[in-house]
Structure formats: C-alpha cells, structure tokens
Amino acid sequence: MAQSPDVDEPTREYPSVPDESPPETPETPEPPRKSIVARVLIFFGVVFAVIVAACFGLRSLNVLPSFDNPFDQQTTDRSQPVLLQSMRDLSRYVAADGTFQVIVDLQEDRKYIPDWLLNRRILFVGSGTVEEYVDFSTLSDKALEVDNEKKTIKITLPPPQQGDAALDLQKSYVVEENRGLLTSIGDAFKSDTDKQQRVYQVAQQRITEAAHSSGLDQRARDNTQRMLESLFSRLGYTSVTVTFTTP
C-alpha cells in the first residue's frame with residue numbers, strides 16, 4: 001500500500017565519515033632536568049679536581065714553572081749607587097763603650113691657647129752607644145822610652161776621649177705623640193722632619209752628657225793599659241809602664 005506523501009518518514013542515517021586525524025602516539029616521559037644538571041656539574045667538578053691535582057703534582061716535581069700572585073705587593077728599589085765621599089786612616093784605639101737609654105718628653109704649646117687646639121707633645125725612647133778611645137796619632141817621639149837591656153818600657157799617652165752618642169734607630173721608638181687640632185692640620189701640609197731631628201738631637205745630647213759621669217773614662221784607661229802590657233810582654237819586655245797626661 002502506497003504511503004501518502006504527507007506522511008513523515010523517519011530521517012535516514014548518513015554514512016559515517018572516517019576520521020582523517022593522525023593516530024595519537026603514546027607520550028614518552030622526559031627525564032628530569034635536575035638530575036641531568038647535577039650529573040653535568042659532578043662531571044665537570046671531577047675533571048677540575050683531576051686537573052688541579054695534576055698541576056700540583058707536576059709543580060712538586062718542578063715540571064711546571066712557578067706563578068706568582070699577580071696582586072701581591074711588590075717593592076721596587078730605585079736607589080742610586082753608594083757614593084764614597086771621603087776616606088781616612090784611623091789611629092785610635094777604642095778602649096770602652098757604653099750603651100745608654102733615655103726618655104725624651106718634649107712639649108710645644110702657646111700661651112693662652114688650649115692644648116687641644118695648638119699643642120705638640122712627644123714621648124720618645126732613645127737608645128745609643130758612646131765610645132771612649134785613645135788617639136795614638138798625637139804621640140810625640142818622647143812618648144816612648146825603651147830600655148832594651150833592662151827590658152823595660154814607658155809609654156806616655158794622651159787622656160781618653162769620648163765620642164758623640166750614636167743613636168740606634170732600631171732600638172729607639174716613639175711611645176706617644178699628642179697634637180692639637182691646628183697642629184695636626186698644619187702637619188698634613190708640611191714635612192715633620194725637623195721635629196724628628198730635634199728629638200734625635202736631644203736624645204743624643206743627653207746620652208753624651210750621661211756618659212761623662214758613667215765611669216767610661218777610667219774603664220778606657222784600664223783597658224788601654226792592659227792591652228799595652230799584654231802586647232809588649234809578648235815582645236819580651238818585663239816591665240811596662242803606661243802613663244796618661246792630664247787634659
């Protein structure tokens with residue numbers, strides 16, 4: 001029986017369209033990046049340690065040259081050659097010397113000006129040596145009387161002389177130095193060499209004065225007499241008399 005065209009018929013199914021997208025491939029897990037970086041660092045660390053150990057080993061065997069620190073402090077000596085100014089023959093016998101130490105306390109200030117503004121005080125410890133010597137260059141022909149038959153000899157010498165104090169800078173030092181505000185500012189623009197020389201001169205002068213009353217003169221006389229007695233006794237003289245003239 002024919003159906004009427006007005007009657008709706010069920011919609012026909014269209015054929016399925018094949019899926020043309022590429023098939024999905026299973027994702028492979030990537031290795032963690034942190035482990036790779038750690039392995040690379042360990043590898044380079046081992047290589048660096050081997051290189052350093054090899055360098056030290058070759059350096060200990062004197063195979064590699066030594067390399068100085070490029071930032072190490074260096075001192076350049078541009079001093080000029082030593083110039084000989086004078087030369088003289090010495091005919092003195094140093095019979096005794098003494099080492100002295102003095103404390104120099106010098107202060108410079110201004111009247112009606114406070115010390116914190118304009119003042120200079122230095123405490124210096126000076127150590128020096130003073131020599132006592134006999135000068136044989138001034139001996140006359142009559143200074144020596146020799147009797148070869150009796151094996152006696154008489155010597156007349158000038159009195160011992162005292163030299164100036166020689167300050168030992170390695171054992172001398174500044175204990176304390178105080179300066180006022182204006183004094184410090186002034187020292188920043190000028191050299192302080194004159195002040196240092198003055199302190200040295202005061203120390204030398206006081207050491208020289210102290211040596212006069214220290215007994216060096218008598219010690220020099222005794223040492224000179226013993227030296228001459230020993231010298232002439234070896235030459236066969238049985239009696240040696242040493243006399244010092246009065247200054």
Specify the closest pair of heavy atoms between Val104 and Arg206, including all atoms of both residues, with the distance to one decimal. CA-NH1, 4.4 Å
Value rounded to 0.5 Å, distance of CG in Asp164 from CD in Gln205: 10.5 Å
Looking only at heavy atoms, the pair that brings Ser91 and Ser137 closest together is OG-CB, 2.9 Å
Below 4.5 Å, heavy atoms only, C-beta onward: do Phe244 and Thr156 meet side chain to side chain? no
Taking the side chain as everything from C-beta on, heavy atoms only, tell me whether Asp97 gets closer than 4.5 Å to Val130. no
Provide the closest heavy-atom pair for Pro158 versus Thr138 in the form atom of the first, atom of the second, distance. CG-OG1, 3.7 Å
Let me check something: do Phe100 and Ile103 share a hydrophobic cluster, defined by ILVMFWY side-chain heavy atoms less than 4.5 Å apart, either directly or through other members? no
Between Glu131 and Val94, the two heavy atoms sitting closest are OE1-CG2, 3.9 Å
Please confirm whether the ring centroid of Tyr173 lies under 6.0 Å from the ring centroid of Phe124. no
Taking Thr129 for its side chain and Ala166 for its backbone only, find out whether a donor-acceptor pair lies under 3.5 Å. no
May I ask whether Val125 and Leu123 are part of the same hydrophobic cluster, defined by side-chain heavy atoms of I, L, V, M, F, W, Y residues being less than 4.5 angstrom apart, directly or through others? yes
Would you kindly confirm whether Val175 and Val199 end up in one hydrophobic cluster when ILVMFWY residues are joined by side chain heavy atoms under 4.5 Å apart? no
Rounded distance (nearest 0.5 Å) linking atom CD of Gln204 with atom CD of Gln197: 8.5 Å
List the steps and the verdict of side-chain contact (heavy atoms from CB on, under 4.5 Å) for Ile122 and Val174. CA-CA 7 Å; Ile122 182 170; Val174 176; 4.0 Å; yes
I need the Lys150 NZ to Ser239 OG distance, nearest 0.5 Å. 10.5 Å
What closest approach, in Å, do Leu167 and Ala203 show between heavy atoms, and which atom pair accounts for it? CD1-CB, 4.3 Å
Any chance the side chains of Tyr237 and Asn148 put a donor and an acceptor closer than 3.5 Å? yes
Is there a chain of hydrophobic side chains (I, L, V, M, F, W, Y, each step under 4.5 Å between heavy atoms) that links Val146 to Val240? yes
Should Thr76 and Arg78 be marked as a side-chain contact (heavy atoms from CB on, under 4.5 Å) after you check the CA-CA gap, both sets of side-chain angles, and the distance that decides it? CA-CA 6 Å; Thr76 303; Arg78 295 188 176 91; 3.7 Å; yes
Measure from the side-chain N and O atoms of Thr208 to the backbone N and O of Ala165, and report whether any donor-acceptor pair falls under 3.5 Å. yes
Could you go step by step and tell me if Thr243 and Ile155 meet the side-chain contact (heavy atoms from CB on, under 4.5 Å) rule? CA-CA 6 Å; Thr243 304; Ile155 307 173; over 6 Å; no
Closest contact, heavy atoms only, Pro159 versus Thr246: CG-C, 4.5 Å
Would you say Ile153 ends up clustered with Leu139 if hydrophobic residues are merged whenever their side chains have heavy atoms under 4.5 Å apart, either directly or through other cluster members? yes
Taking it one step at a time, do Gln161 and Asp135 satisfy side-chain contact (heavy atoms from CB on, under 4.5 Å)? CA-CA 8 Å; Gln161 301 179 29; Asp135 190 1; 4.1 Å; yes
Residues pairing under ring-ring contact (aromatic ring centres under 6.0 Å, His included) where one sits in residues 126-150, two or more places apart or in two chains, turn out to be none
For residues 217-235, dump all side-chain donor-acceptor pairs below 3.5 Å to protein atoms at least two apart in sequence or in another chain.
unit_1, atom_1, unit_2, atom_2, d
Asp217, OD2, Arg221, NE, 2.9
Gln218, NE2, Asp222, OD1, 3.1
Asn223, OD1, Arg226, NH2, 2.5
Asn223, ND2, Ala95, O, 2.7
Asn223, ND2, Arg219, O, 3.2
Thr224, OG1, Ala220, O, 2.7
Gln225, NE2, Glu229, OE2, 3.1
Ser233, OG, Glu229, O, 2.8
Ser233, OG, Ser230, O, 2.9

